[in-house]
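Please read the structure below before turning to the comments.
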Amino acid sequence: MKRLTPTIMIPTSVTRPADSGCSGFCGGALSRLAPQRRSPALAMLLLLLAVSGCSLVPITAPTPPGLDAGPLAQCQWLFEQTDARIDQAGVQHQGLARISGFPYLRINRFLASFGPQLDSPAEIKTWIQHLAQLDAQARRPELSNLAGNGRAIMPAPLNAQLDECRTRLVADLLRQPGQLRHLRGMASVPDDYRIAWRVAGLYPLSAPLVLYGVRRWHDQARSTFDQPLDQLTVVGQLMRWSAPPLQEDTSAHTDSSPGVTRDALGIPRLAPERQAQLFARYSPVWELDVVDANDVIGTPVWDKGPAFDTGTATQYQQLSFTRFGDEVLLQLNYVIWFQARPGEDIYAGRFDGLTWRVTLGPDLQPLLYDSIHNCGCYHSFFPTLSLQLRTDLPEAGFEPPLVPQTAPPGPLVLRLEHQRHFIQRVYALEDTNPGQPLVVTDYASLLTLPSAEGHHSFFGNQGLVVGSERPERFILWPMGIRSPGAMRQWGRHAVAFVGRRHFDDPDLIPSLFERVPKP
């Protein structure tokens, strides 16, 4: 017999008039349930009703557990209902993937790579703890954004209840071998390439044409890097920006792993102050050929939609991890934004930006630098002398990596072209001119921008920035990438048109590079 999923009414605004019938629903429901509470977890169900407010909005959701249900069932239902509200409001975190059946966990490509390889109970426990931390990380901006637009959500108490529930559910999961096996089979990140689009776009025929265009851009980039630095064209005025220096213990520089411990998976653990020191030490100096406001580093804001402030220069920072052989390596991501990429070609449009990434070796010294524009486009690599391109890279149906130069010793200056904001040179800073100061903040602040009507993520559906679409999408869609050229959220960057490559792929480095043999 087919089971019907009921439509339940979730209250959403405490400001509705009493004659709407809403206050009667909320007050009656709470008064009827409260005397029968048999465990603290039931309060979580009531909290979801209470903090949601009182105007009734129907959503389809699983049947709520009965009053005699245990705390685990109540916790699971609380997560499911919270997710339903988040989805209904369109405020889901787009950079971390949910795991079906496990609403208290999230996954990224790095952690997904461990799933098939876990051996010991300690490794499994550590892995699940990381997945739980990702869910907690994702829910903070989700609930903050959910509270806007007149929805009387109180994020702090709801987050606290979800944290308590997550702890209960994780502890129970670790006692369920069958569920653990199921989780390992489900823990994956959806591909950002659309197979159906490639089929419809006759990919085998269209890909060689796109690859020809990619190779032409590579040739142009190498030609620019071949020019002496002092002969690079300057159309406007060269201006520099850099993050303020941070005091650090220079005696730690020679330590093989200063301030770092590793968990059961080999993932480095950094104290917040040590993390701040590393970000400050390897932060680049941005040197731009400034012609107009579109070449000025600024700050994304929210003004009834994604907007931009050219009066404040901000550098966003995010820590990530990758794998190289048996080692887990730290990565420092530095992100800047521009008001637009002006021009009359198909690549021009509103908003532009650049991500500069520093991959540190086990000794916390730079091993590899790479960069993308915040659309995932123009991926370029700048290896140190410790790495070289693999000699067995395929030729057919493969987009080769662009390696325009070897990285010099730091600190580094990144010279950027006006208008297109291409990197033209990476060179060592040899003077004492750091330029104008940048405001430094966590990348997560982009996910909950303040506004008059509440908080909003700069990124919309599929992690795309609304309004940043480029005309090139009408030509390049057969490559299977959603809205090529549009700015997008970290974790959603497909970085090759031909073949498949993601910026956050933990196997990216070993798939393209190998260590230089020691003499």
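Here, residue 1 is the first one in the sequence, and each next residue gets the next number.
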Say whether [X] and [Y], considering side chains only, have a donor N or O and an acceptor N or O under 3.5 Å apart.
X	Y	result
T312	T299	no
D303	S451	no
Q388	E514	yes

Beyond-backbone contact of [X] with [Y], side-chain heavy atoms, under 4.5 angstrom:
X	Y	result
E164	R168	yes
L105	L183	yes
L416	F338	yes
L387	F381	no
F422	H373	yes
T448	R140	no
V440	P244	yes
S320	W490	yes

Measure from the side-chain N and O atoms of [X] to the backbone N and O of [Y], and report whether any donor-acceptor pair falls under 3.5 Å.
X	Y	result
R415	E287	no
Y369	T406	no
R488	R482	yes
R166	Q161	no
E469	G467	yes
Q94	Q462	yes
N159	A136	no
T384	L367	yes
R390	P510	yes

For [X] versus [Y], what's the shortest heavy-atom pair and its separation?
X	Y	value
L438	A243	CD1-N, 3.8 Å
V328	P268	CG1-CD, 3.7 Å
T310	A293	CG2-O, 4.2 Å
A112	P116	O-CD, 3.8 Å
H418	D289	CB-O, 2.9 Å
I107	W127	CD1-CZ2, 4.4 Å

Just verifying a value: how many Å separate [X] [atom1] and [Y] [atom2], rounded to the nearest 0.5 Å?
X	Y	atom1	atom2	value
L446	N374	CG	CG	9.0 Å
K125	L180	NZ	CG	12.5 Å
D263	H130	CG	NE2	4.0 Å
S457	L449	OG	CG	7.0 Å
I128	T126	CD1	OG1	9.5 Å
Y443	T355	OH	OG1	6.5 Å

Quiz item: Looking at R341, R420, H421, which hits side-chain hydrogen bond (donor to acceptor under 3.5 Å, both in side chains) with D352?
Solution: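 Of the listed options, the one satisfying the test is H421.
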Exercise. Run through Q275, R274, E273, R281 and flag the one making a side-chain hydrogen bond (donor to acceptor under 3.5 Å, both in side chains) with Q277.
Key: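 The option that passes is R274.
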Quiz item: Between I267 and L111, is a side chain to side chain contact (heavy atoms under 4.5 Å, CB included) present by the stated rule, with each step listed?
Solution: CA-CA 10 Å; I267 300 174; L111 289 174; 4.1 Å; yes
Check whether more than 12 heavy atoms from other residues, nucleotides or ligands sit under 6.0 Å from atom [atom1] of [X], and answer yes or no.
X	atom1	result
D392	CG	yes
R194	CZ	no
F225	CZ	yes

Quiz item: Among all residues two or more places apart in sequence or in another chain, which pass the salt bridge (charged side-chain N to carboxylate O under 4.0 Å, His left out) test with R425?
Solution: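 Listed in chain order: nothing, the list is empty.
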Practice problem: Output all residues satisfying salt bridge (charged side-chain N to carboxylate O under 4.0 Å, His left out) with D505, sequence neighbours left out; order by chain, then residue number. | Solution: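 Checked D505 against salt bridge (charged side-chain N to carboxylate O under 4.0 Å, His left out); zero matches.
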Practice problem: Tell me, with the steps shown, if F102 and L131 meet side chain to side chain contact (heavy atoms under 4.5 Å, CB included). | Solution: CA-CA 10 Å; F102 302 88; L131 302 187; over 6 Å; no
Quiz item: Ring centroid separation for W356 and F382, is it under 6.0 angstrom?
Solution: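 W356 vs F382: aromatic centres under 6.0 Å.
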Quiz item: So, F458 versus Y316, ring centres under 6.0 angstrom or not?
Solution: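 Between F458 and Y316, the centre distance exceeds or equals 6.0 Å.
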Quiz item: Cation over ring, R357 on F503, under 6.0 Å and within 45°?
Solution: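 Yes, R357 and F503 form such a contact.
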Counting only pairs under 3.5 Å, give me each side-chain donor-acceptor contact of residues 117-124, with atom names and distances, residues two or more places apart or in other chains.
residue, atom, partner, partner atom, Å
Q117, OE1, R323, NH1, 3.3
Q117, OE1, R323, NH2, 2.9
S120, OG, E123, N, 3.1
E123, OE1, D119, N, 2.7
E123, OE1, S120, N, 3.4

Practice problem: Sorted by first residue and then second, give each salt bridge (charged side-chain N to carboxylate O under 4.0 Å, His left out) pair with at least one member in residues 91-109; sequence neighbours left out. | Solution: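 Sorted pair list: D83-R98, D87-R98, R106-D135, R106-E142, R109-D192, R109-D504.
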Quiz item: Does the pair R492 and F459 meet the rule for a side chain to side chain contact (heavy atoms under 4.5 Å, CB included), with working shown?
Solution: CA-CA 11 Å; R492 302 303 300 267; F459 308 98; over 6 Å; no
Quiz prompt | Residue pair Y104, R139: steps toward the side chain to side chain contact (heavy atoms under 4.5 Å, CB included) verdict | solution = CA-CA 10 Å; Y104 50 95; R139 289 191 183 276; over 6 Å; no
Cut-off 3.5 Å, no hydrogens considered: what does the side-chain donor-acceptor table look like for residues 398-405, sequence neighbours left out?
residue, atom, partner, partner atom, Å
E399, OE1, F497, N, 2.8
E399, OE1, V498, N, 3.1
Q405, OE1, V426, N, 3.1
Q405, NE2, V426, O, 2.8

Quiz item: Which residues satisfy the ring-ring contact (aromatic ring centres under 6.0 Å, His included) test with F279, sequence neighbours excluded?
Solution: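 Here the qualifying residues are Y334.
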